[in-house]
Amino acid sequence: MDRKLLLIILDGVPWRNFRRLFGNLEGWVDSGEARVWKLRAGLPSTSASCYASIHTGVTPQEHGCTGNGNVFRLSHKDVFSQVREAGGVTGAVAHSFWSQFFNRHPFDYVRDVEYDEPDSKTINHGRFHTMTGYGKTNQMTPCDVDLFATLTNMCLRFGLDYGLLHTSTLDSMGHRFFHDCEEMDHACFVMDEMLAPFIPRWRQLGYEVIVTADHGQDERGHHGGRGALQQETALYYFGDAEGPEADTAIDQLQLAPTILDRTGAPVAATMTAQPFLK
Ligand SMILES: [Zn+2]
């Protein structure tokens, strides 16, 4: 592998919340350690469809995941499979949909909650949670600092070349409280503060880091359809590559080939979007 990379997906954070409320990430943009661009999710701008597009680099119309009620083992090649093809070690700390899409479906609570499979063709080291029973009055999300720590633990123990972290805390907060409220201000503030100490640590371990979301959310916490609030989020990049002009909007389909290009793994023939980093 040429380089190691971590992809951090904070579910359901619209562009305006990243730019207004994530003071540590924005501070690193000001100091030059990070760059930020707008990223536009595909349609439907629904979580599962976006996870599948982020990692396969193809549209929902092509991979076939039409929403959270239609999760299955995808047939397309994805970031995990391509890093493995190059001999890299992969890991994921994420919602169980990621395991179902890219490793095994259906999800077995006992077998799949935690696995270490050195010979896997996709995910070598998985730590998953299902959020079973999720609703407005009970978010069922793990604490985010525990997820960040688990990813760091796996980087140190297993020498991950590529690691994915995904957390639904802020998506759940948006569905519950909407966006013009003290609860959401505080939730974004806490996420930024919990994440911040890990970024220099990951950089010291030799990782490039991308922080982004799968989609945005509108005034009522909705997403799934078309529109800037639902589709647009931010992408923060910590690394040495050159990126596009500041006012460029990155397409979600560019993420997979960009990650593979940075790590030195082969870009699958189905991933036809252009990498945004050089
Ligand atoms: Zn989502």
Side-chain angles (χ1 to χ4, degrees), residues 7-19 21-22 38-61 63-72 74 78-79 92-102 107 128-136 138-144 147-148 151 164-179 183-184 187-188 191-192 195 210-236 250-256:
L7 175 64
I8 311 300
I9 297 180
L10 309 180
D11 202 301
V13 182
W15 164 258
R16 60 178 179 182
N17 286 17
F18 265 130
R19 302 308 310 272
L21 297 168
F22 283 67
K38 193 169 277 186
L39 181 135
R40 187 169 293 121
L43 291 169
S45 56
T46 306
S47 293
S49 309
C50 291
Y51 308 163
S53 289
I54 287 167
H55 245 232
T56 61
V58 305
T59 64
Q61 293 71 43
H63 59 61
C65 173
T66 49
N68 297 342
N70 184 16
V71 173
F72 52 93
L74 297 168
D78 80 295
V79 174
V93 180
H95 188 279
S96 50
F97 282 179
W98 292 86
S99 184
Q100 291 167 266
F101 278 139
F102 305 110
F107 190 84
F128 295 100
H129 54 274
T130 67
M131 292 173 65
T132 302
Y134 157 79
K136 282 193 174 183
N138 190 337
Q139 295 194 182
M140 296 289 185
T141 48
C143 175
D144 296 297
L147 300 179
F148 300 139
L151 179 67
L164 164 83
L165 185 144
H166 160 258
T167 166
S168 292
T169 302
L170 296 180
D171 181 74
S172 300
M173 289 295 290
H175 288 303
R176 182 177 182 180
F177 293 106
F178 306 163
H179 288 267
E183 288 86 352
M184 183 54 83
C188 291
M191 179 70 86
D192 177 72
L195 172 62
I210 292 174
V211 180
T212 188
D214 51 344
H215 51 74
Q217 279 195 348
D218 71 11
E219 298 88 340
R220 292 191 293 273
H222 187 70
H223 59 90
R226 194 188 293 283
L229 285 171
Q230 295 184 49
Q231 287 181 274
E232 289 178 1
T233 185
L235 181 145
Y236 297 86
I250 295 166
D251 189 294
Q252 191 165 57
L253 301 183
Q254 294 178 266
L255 261 171

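Remember, it's 1-based here, ligands and their atoms both numbered in the order they're listed.
Atoms OH and OG1, from Tyr134 and Thr141 in turn, are 9.5 Å apart once rounded to the nearest 0.5 Å.
Asp214 contributes atom OD2 as its closest N/O/S atom to the Zn ion (ligand 1).
Using a cut-off of 2.8 Å, one finds that Cys50 contributes no N/O/S atom close to the Zn ion (ligand 1). Taking 2.8 Å as the threshold, Ser47 counts as a candidate ligand of the Zn ion (ligand 1), since one of its N, O or S atoms lies below it. For the Zn ion (ligand 1), the N/O/S atoms of Asp11 include one lying under 2.8 Å.
Aromatic ring centroids of His166 and Tyr51 lie under 6.0 Å apart.
Remark: Arg40 pairs with Glu232 by the salt bridge (charged side-chain N to carboxylate O under 4.0 Å, His left out) rule, at least two apart or across chains.
At a threshold of 4.5 Å between non-hydrogen side-chain atoms, the residues His215 and Asp11 count as touching.
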